[in-house]
Structures are given as structure tokens and as C-alpha cells.
A.B. asks: 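Okay, handing you the structure first.
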There are 2 protein chains.
Amino acid sequence: MKKKRPSLKDIAEVLKVSTTTVSFVLNGKGEEKKISKQLITKVEDYLKEINYKPNLVARSLRTGSSRVIVFMVEDISNYFFSKIGRIIEDIAYQNDYRVLFCSTENNTKRAQGLIQLFQERQVDGFIIVPPIGIEDEVINLIENDTPVVLFDRKIKSVDVDSVTLNNYEGATLIAEHLIEEGFSKMAFITIDLDLLQMKDRMRGYVDTLAKNNMEPLLLEIPYNTANAVACNTAITQFLIENPDIDSIFFSTNYLAQYGLKALSNYNEQLIKKLGIACFDDNIFFEMYSPSITTFAQPIEQMGAQLMDIMLDKLNNKENKTANKARVSNGNLIIRESSLRKESMPSQ
Amino acid sequence: MKKKRPSLKDIAEVLKVSTTTVSFVLNGKGEEKKISKQLITKVEDYLKEINYKPNLVARSLRTGSSRVIVFMVEDISNYFFSKIGRIIEDIAYQNDYRVLFCSTENNTKRAQGLIQLFQERQVDGFIIVPPIGIEDEVINLIENDTPVVLFDRKIKSVDVDSVTLNNYEGATLIAEHLIEEGFSKMAFITIDLDLLQMKDRMRGYVDTLAKNNMEPLLLEIPYNTANAVACNTAITQFLIENPDIDSIFFSTNYLAQYGLKALSNYNEQLIKKLGIACFDDNIFFEMYSPSITTFAQPIEQMGAQLMDIMLDKLNNKENKTANKARVSNGNLIIRESSLRKESMPSQ
DNA sequence: TTGAAAGCGCTAACAA
DNA sequence: TTGTTAGCGCTTTCAA
């Protein structure tokens with residue numbers, strides 16, 4: 001029953017030409033290879049007629065390239081990553097590349113498996129948000145001359161291109177904004193994770209407070225217990241112990257989400273009374289009541305940078321050791337949650 | 001500079017055995033093919049030593065199978081789809097299949113391109129949430145004997161396996177629950193989309209109200225304008241025109257999200273006073289204040305059904321015409337938003 | 001201007 | 001028990 005799909009050879013036989021001719025026409029090299037107009041038309045018409053689909057697996061095997069790049073992130077259902085993914089996809093498409101998405105879930109084993117899978121499938125390039133412990137695989141890719149660009153975080157030990165955010169500056173902007181709005185007892189709620197970006201955000205907060213002669217007040221939630229319930233408990237506890245805070249700066253968007261829930265469970269009115277802001281935007285925050293102030297990563301820009309580096313590497317096979325580290329600045333999106341409260345003295 | 005990755009042939013040469021032997025060992029057919037224990041060990045050790053990665057493209061070309069199935073949904077960053085995706089992936093993995101994710105964004109052109117891309121890459125099977133206008137591609141896949149299972153929605157004109165939800169019953173359960181909690185002026189906010197599942201939800205609502213001698217009150221928002229702003233406007237308008245409603249049933253989770261924002265903008269207190277429930281769960285709803293009652297699709301069950309059908313088709317190439325349509329039932333998840341309000345008379 | 005043929009890396013039928 | 005070899009569908013060099 002299985003109708004075999006026609007191959008180039010089948011077509012050549014029907015048309016009584018060689019496979020070479022068909023291949024040239026198929027790849028738009030007809031003119032270049034000086035094949036006669038009429039033959040080109042004849043072949044093209046037939047290809048269209050039978051709705052011929054080349055076997056890309058065979059082509060990849062032959063050319064050693066798949067014209068596919070993979071975009072490997074922590075979680076593709078995350079707002080930020082999925083947005084960036086679309087941008088990357090568009091740019092890739094314009095350059096005749098396709099992009100495959102996958103989620104590591106910050107799981108080293110999973111990420112390793114994924115890299116291996118795509119490597120075996122001759123993928124042309126990798127854009128990776130690296131989980132910890134992925135160094136060896138990345139080194140392996142680079143040694144195999146496969147273009148790799150790291151995104152969102154770097155790997156300390158490996159010299160590889162990357163696009164990241166200026167986390168320190170972002171945190172500074174948030175803290176400064178809250179201070180300008182009149183908040184003077186600002187807490188910082190973060191995750192106990194040994195990632196450079198988290199450290200930078202914390203430094204931004206601590207330094208800004210110091211500059212304004214304010215005492216930092218930190219809550220670090222252990223990463224391994226950072227689920228909805230544990231966060232809720234930790235944050236509620238923190239609120240009880242620190243009844244005098246007037247504002248909270250969450251270091252990630254998901255912490256803010258958990259935090260908002262904890263806040264409203266603990267005391268309905270608190271959300272309106274506290275100044276609230278967090279790092280990294282999310283569709284949730286625009287819809288929440290009050291809408292939440294965030295520091296948003298510049299999605300278009302980062303996507304463009306990512307593909308800029310990637311395409312460059314893809315096209316200049318020789319030049320692949322010239323590593324770039326691009327650092328973007330984001331934008332503070334001021335919404336209701338961080339504005340001066342009515343109960344507060346005006347400046 | 002490019003170190004070519006070693007091929008089977010290279011290995012055979014180094015080991016002074018034939019490629020056949022290496023191939024058999026590689027694929028775990030050593031025993032079966034009666035290759036001596038020591039040779040097997042020797043080959044295996046060497047494969048491990050050089051960390052050999054077979055070229056899966058070549059294997060696919062030869063075998064005609066890629067052991068990859070694609071999961072094509074409307075939006076992979078949607079909670080429901082990404083959850084289902086993980087379930088499917090796990091089951092696939094256990095059966096030595098990998099799964100590739102992609103989003104159609106309900107865009108016909110995009111979906112067509114995606115199907116073509118994967119078809120050309122010899123993907124073994126498709127699980128698809130079909131956007132409108134995708135009939136021809138699906139038919140084409142089936143004619144090529146490629147397993148296809150539809151998910152979440154069906155295509156009327158094509159006879160193909162599917163896994164869907166009992167939308168009618170779900171809507172009935174939500175409406176009945178709200179009525180039991182004492183709400184008697186229930187509005188239904190939906191999207192003006194010609195999808196069977198939407199019609200079914202509406203029928204569930206209308207029928208339940210009729211059964212309880214209640215008048216239906218519908219707001220249908222045009223699909224093409226269903227962005228945050230337009231929804232906000234439409235819903236606010238609706239609230240103004242219908243000040244006497246005591247509860248709202250949203251037909252999808254994203255409508256509920258827009259609706260909640262509109263509600264709180266329009267009148268802070270309304271969210272606490274109205275009974276609220278919606279179709280299709282979302283992480284947002286558990287965290288919202290009040291938490292939102294939803295009708296959740298049975299994710300594990302649907303994922304299992306999907307892969308059950310898919311693996312069956314993959315394994316029984318002959319039996320592929322036996323089409324199945326599985327209909328799942330979901331669960332009503334009762335949260336704060338739909339409970340009897342204090343201001344209401346008790347039953 | 002077109003065609004013949006080699007070969008990408010792998011599997012598997014057949015031979016030895 | 002192991003090896004030889006054809007061939008999957010395509011691209012591309014070289015020859016005609």
C-alpha cells in the first residue's frame with residue numbers, strides 16, 4: 001500500500017534527463033549551470049505537478065549540513081524564552097534556517113541528552129541557556145566546530161560567545177526607582193542559586209541601598225525547595241518577621257508570582273500598601289491588580305544579537321574562534337505596584 | 001582544522017573488523033547475531049573510548065525512519081500544551097522515540113510549512129492540534145502512511161484518530177457547580193470562533209441554564225480582535241450593561257485572564273463579589289486572589305491516550321486505517337472564586 | 001549544455 | 001562467527 005515518494009532519480013527517468021539536471025533546477029542553479037530555459041521550465045513544471053518534496057535527510061547526509069539550529073532553553077513555556085524564540089525563528093527563517101526548540105528544565109542530564117541528540121542529527125548550530133554541568137558538552141561542540149552561542153548566562157570556565165543582560169544595572173534601576181518613589185525599607189527576595197546573574201542582581205540591590213544609606217534586608221530561598229508551597233511558607237514567615245518593610249524587590253518573575261500569592265494570602269491589603277517590583281517581565285504582571293513594575297529584558301535586541309553572532313559563525317567557518325560577549329541593557333517598565341502610595345508622605 | 005567525526009568505517013579499520021560487526025554491536029544485536037563475547041566487548045570498549053556518536057542522518061536515510069515524532073500545537077508556551085508535551089515526551093522516550101515541539105500559532109501557512117519541513121525530514125509521526133485549513137496536509141500525511149493523531153480538536157471532513165475532551169460535559173459541570181453555590185444570574189463570556197469545542201462549551205452552558213429555568217446571557221468577543229485591549233473594552237462594556245449578573249463563566253483560560261484584569265479595573269470589589277469559573281486550568285489561577293475555579297483537562301490521561309494511539313500506529317504499519325476517536329472527561333477544580341459569597345442568602 | 005558516477009555514513013541481505 | 005557489498009536519495013566533480 002505504501003506509495004514510495006518519488007526520488008530525484010524517478011523524476012529524471014520520467015523526464016528522460018539526468019539526475020544532475022533535476023538537482024540543479026531544484027536548487028535554482030539552472031541558470032548558473034547554463035541549462036536551457038526550456039529544460040528548466042519542463043523540469044520545474046513537473047516538480048510542481050507532482051508536488052515533489054526532496055528528501056532532506058539525504059541532502060543533509062550529502063552536504064553535512066541540515067540548515068537547522070537549535071534553541072535550547074530552561075523552559076520554552078516561559079514567557080521570556082518563548083518570545084525570544086519567535087524572534088530568533090523569524091531571523092533564521094529569512095536566512096533559510098529552521099529552528100528547533102527544546103527545554104532543559106535546568107536538568108544537566110536532560111541537556112546532555114538533547115545536545116547529543118541534535119549533534120547526531122547534524123544540527124548546524126546551538127543557542128543554549130546553559131544549565132550547570134554542561135561545560136563538557138559545550139566544549140565538545142566547539143571542538144567539533146559547531147557554532148555555539150550562550151544566552152542569558154555564561155559558563156565561567158569556557159570561552160564561548162554569549163548574549164547576556166546587564167543584571168547589575170537592571171537591579172540598580174529597580175532599587176533606585178523604588179527609592180525615588182519614597183520607599184525606604186526595601187526587602188530583596190531571591191533564590192539561593194549560584195548563578196552569576198543572581199549574584200549581580202543582588203549586588204545591584206545591596207550597592208544601591210548602601211549608596212542611599214539604607215540597610216539591605218534579604219530573603220534567600222533555597223533553590224531546591226523553591227516550589228509554590230515552600231516559597232509561600234518562606235515568604236509568609238518573612239513578612240511576619242519583618243512587619244516594617246514598605247517595599248519588596250523580587251529577583252525573578254516566578255518568585256514575584258509566588259510572592260504575590262503569599263502576600264495576598266497573608267494580608268489582602270498588603271499588596272496595595274507595599275511597593276513591589278521584580279526582575280524580568282511576564283504577561284501576568286500587566287494583568288495583575290495592581291499591575292507590577294518590572295525590569296524587562298530587551299527581547300528584540302537580544303534575539304537579533306543572538307542570530308547576528310550565529311549567522312556570522314555559520315557563514316565564516318574559519319573565523320569561529322573570535323568570541324564575542326554581548327551585554328544588553330533592559331528597560332524599567334513602571335506600572336502601578338511601585339508607585340508612591342497614598343498613605344506615604346510626599347517628597 | 002575540522003576534525004571529522006569518526007565513522008563506522010573508520011572504527012572498523014582501526015579495529016580490523018568489518019563495518020557489519022561494528023554496526024551490529026552498536027545496535028545491541030551482537031548476541032543475536034552470534035558475535036563472540038570478546039569481540040563485542042572489544043568493540044564496545046572502543047566505542048566508549050572514543051565516545052563515538054553515530055550519524056543519525058545516515059541511519060535515517062538508510063532505515064527510512066528517524067524515531068522522531070512531532071508535537072505540533074497552537075502555542076507551546078501555553079500551560080496546557082507544554083504540560084501535555086512533557087507527558088508525551090516521557091512516554092516517547094521510554095519507547096525510544098524523541099519528540100520535537102513546535103507552535104502553529106493557529107496560523108495555517110505556518111502549520112503547512114512546519115508539516116512540510118518535518119515530512120521532508122522523515123519524521124515518523126505527527127500529533128497535531130489542527131488549525132483551520134490544514135485538511136489537505138493532514139490528508140497528504142495519511143496518504144503517505146505517516147501516522148497522525150489529532151489532539152484537542154478534530155477536523156470534520158477527515159477521518160483521522162483523535163483525542164479530545166468532552167467539552168459539553170465540562171461546561172455543564174461548571175454551570176451546575178455555580179448554580180449549586182447559589183448563583184442565579186450567570187453570564188457566559190466566549191470567543192466568536194467556529195470551533196466545535198467552543199460550540200460544545202456554549203451548548204453545555206445554555207442547556208444547563210435552561211434546565212434550571214435560568215436565562216442565558218452571552219458575550220461573544222470576535223476572535224480577530226481578541227487581544228488584551230479589545231477584550232478589556234468588550235468585557236467592561238458588558239459589565240456596565242449588565243450590572244445585575246452575579247457570576248461569570250469564561251469559556252477559555254485566556255479570556256478569564258483578560259476578564260479578571262478588566263474586572264479589577266472596572267471595580268476592585270467585583271472580583272470578590274462575583275462567582276467566577278472558567279474552562280481549562282492554568283498556573284495563574286491557583287495563584288490569583290481569589291484563586292479561580294476551573295475545569296481542568298486530564299493531562300496525564302490525554303497524553304497517555306495520544307501516545308497509546310501513536311505507538312500503536314507506529315508499530316502496526318498495516319493496521320493504520322482503524323481510526324479511533326477518544327474523548328476524555330476532565331475534572332472540576334473548585335477554588336475560592338466560585339464559592340457562595342458571604343453576602344448571598346444560604347440555601 | 002547535459003550526463004555519468006562517486007560518495008556522504010549507515011544497515012542488512014548474502015556470502016564465506 | 002564474521003566480512004563483502006549494495007543501496008537509501010542526494011550533490012557535485014569531471015567528462016562528454
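First the proteins, then the strands, lettered A, B, ... as listed; each starts at 1.
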A.B. asks: From CZ of R59(A) over to P of dG7(C), roughly how many Å is that when rounded to an integer?
C.D. replies: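 Result: 22 Å.
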A.B. asks: For dA12(C), does either OP1 or OP2 sit under 4.0 Å from a side-chain N or O belonging to K29(B)?
C.D. replies: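 Answer is yes, contact under 4.0 Å.
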A.B. asks: Nearest to the S18(A) side chain among dG3(C), dG3(D), dT11(D), which nucleotide is it?
C.D. replies: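 For the S18(A) side chain, the nearest candidate turns out to be dG3(C).
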A.B. asks: What is the distance, rounded to the nearest whole Å, between atom NZ of K53(A) and atom C1' of dC10(D)?
C.D. replies: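 Whole-Å distance recorded here is 18 Å.
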A.B. asks: Check every atom of dA12(C), dT2(C), dG9(D) against the side chain of T19(B) and return the nucleotide holding the closest atom.
C.D. replies: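 Comparing dA12(C), dT2(C), dG9(D) against the side chain of T19(B), the answer is dA12(C).
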A.B. asks: Provide, to the nearest angstrom, the distance between the CD1 atom belonging to I11(B) and the P atom belonging to dT11(C).
C.D. replies: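 Interatomic distance, CD1 of I11(B) to P of dT11(C): 11 Å.
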A.B. asks: Rounded to whole angstrom units, what separation is found between the CD atom of E32(A) and the C1' atom of dT1(C)?
C.D. replies: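 To the nearest whole Å, that distance equals 14 Å.
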A.B. asks: Taking for each residue the nucleotide of DNA chain D with the nearest heavy atom, is it R62(B) or T21(B) whose nucleotide lies nearer the 5' end?
C.D. replies: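 Result of the comparison: T21(B).
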A.B. asks: Has N27(A) got a side-chain N or O lying under 4.0 Å from the OP1 or OP2 atom of dT11(D)?
C.D. replies: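 Yes.
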A.B. asks: Once you apply a heavy-atom cut-off of 4.0 Å, does L56(A) come out as touching a base, just sugar-phosphate, or nothing?
C.D. replies: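 L56(A): no heavy atom of the nucleic acid under 4.0 Å.
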A.B. asks: Measuring from the side chain of S36(A) (C-beta onward, heavy atoms only), which nucleotide among dT2(C), dG9(C), dT11(D) has the closest atom?
C.D. replies: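 For the S36(A) side chain, the nearest candidate turns out to be dT2(C).
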A.B. asks: Let me know the distance between CZ of R121(A) and P of dG9(C), rounded to the nearest Å.
C.D. replies: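 Nearest whole value for this atom pair: 17 Å.
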A.B. asks: Take atom CG of L15(A) and atom P of dT2(C), then tell me their distance rounded to the nearest Å.
C.D. replies: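 In whole Å, dT2(C) P lies 12 Å from L15(A) CG.
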A.B. asks: Over how many whole Å does the gap from K42(B) atom NZ to dT1(D) atom C1' extend?
C.D. replies: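 Distance check: K42(B) NZ to dT1(D) C1' gives 14 Å.
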A.B. asks: Grab the NZ-P distance between K9(A) and dA6(D) for me, whole Å please.
C.D. replies: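 Checked: the NZ to P distance equals 14 Å.
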A.B. asks: Where the side chain of L8(A) is defined as all heavy atoms beyond and including C-beta, which of dG9(D), dT2(C), dC10(D) is the nearest nucleotide?
C.D. replies: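 When the side chain of L8(A) is considered, dC10(D) is the closest of dG9(D), dT2(C), dC10(D).
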A.B. asks: Map T20(B) and A58(B) onto DNA chain D by nearest heavy atom, then report which one ends up closer to the 5' terminus.
C.D. replies: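 Final value for this comparison: T20(B).
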A.B. asks: Centres of the F118(A) and F101(A) rings: under 6.0 Å?
C.D. replies: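 Judged by ring-centre distance (under 6.0 Å), F118(A) and F101(A) do not meet the cut-off.
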A.B. asks: Just wondering, are more than 12 heavy atoms of other shown residues or ligands nearer than 6.0 Å to CD1 in I132(A)?
C.D. replies: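 Result for CD1/I132(A): open.
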A.B. asks: Could you say whether F24(B) or V57(B) is positioned toward the 5' end of DNA chain C, judged by the nucleotide with the nearest heavy atom to each?
C.D. replies: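 Its nearest nucleotide being more 5', the pick is V57(B).
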A.B. asks: Are the ring centres of F71(A) and Y97(A) closer than 6.0 Å?
C.D. replies: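 They do not qualify: ring centres at least 6.0 Å apart.
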A.B. asks: Ignoring the backbone of Y52(B), work out which of dT11(D), dG3(D), dC10(C) is nearest its side chain.
C.D. replies: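 For Y52(B), the side-chain atoms sit closest to dC10(C).
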A.B. asks: Please indicate whether E135(B) has more than 12 foreign heavy atoms, meaning atoms of other residues, nucleotides or ligands, lying under 6.0 Å from its CD.
C.D. replies: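 Count over threshold, so yes.
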A.B. asks: Does some side-chain heavy atom of D308(B) sit less than 4.5 Å from a side-chain heavy atom of R326(B)?
C.D. replies: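 Side chain of R326(B) against side chain of D308(B), heavy atoms only: contact under 4.5 Å found.
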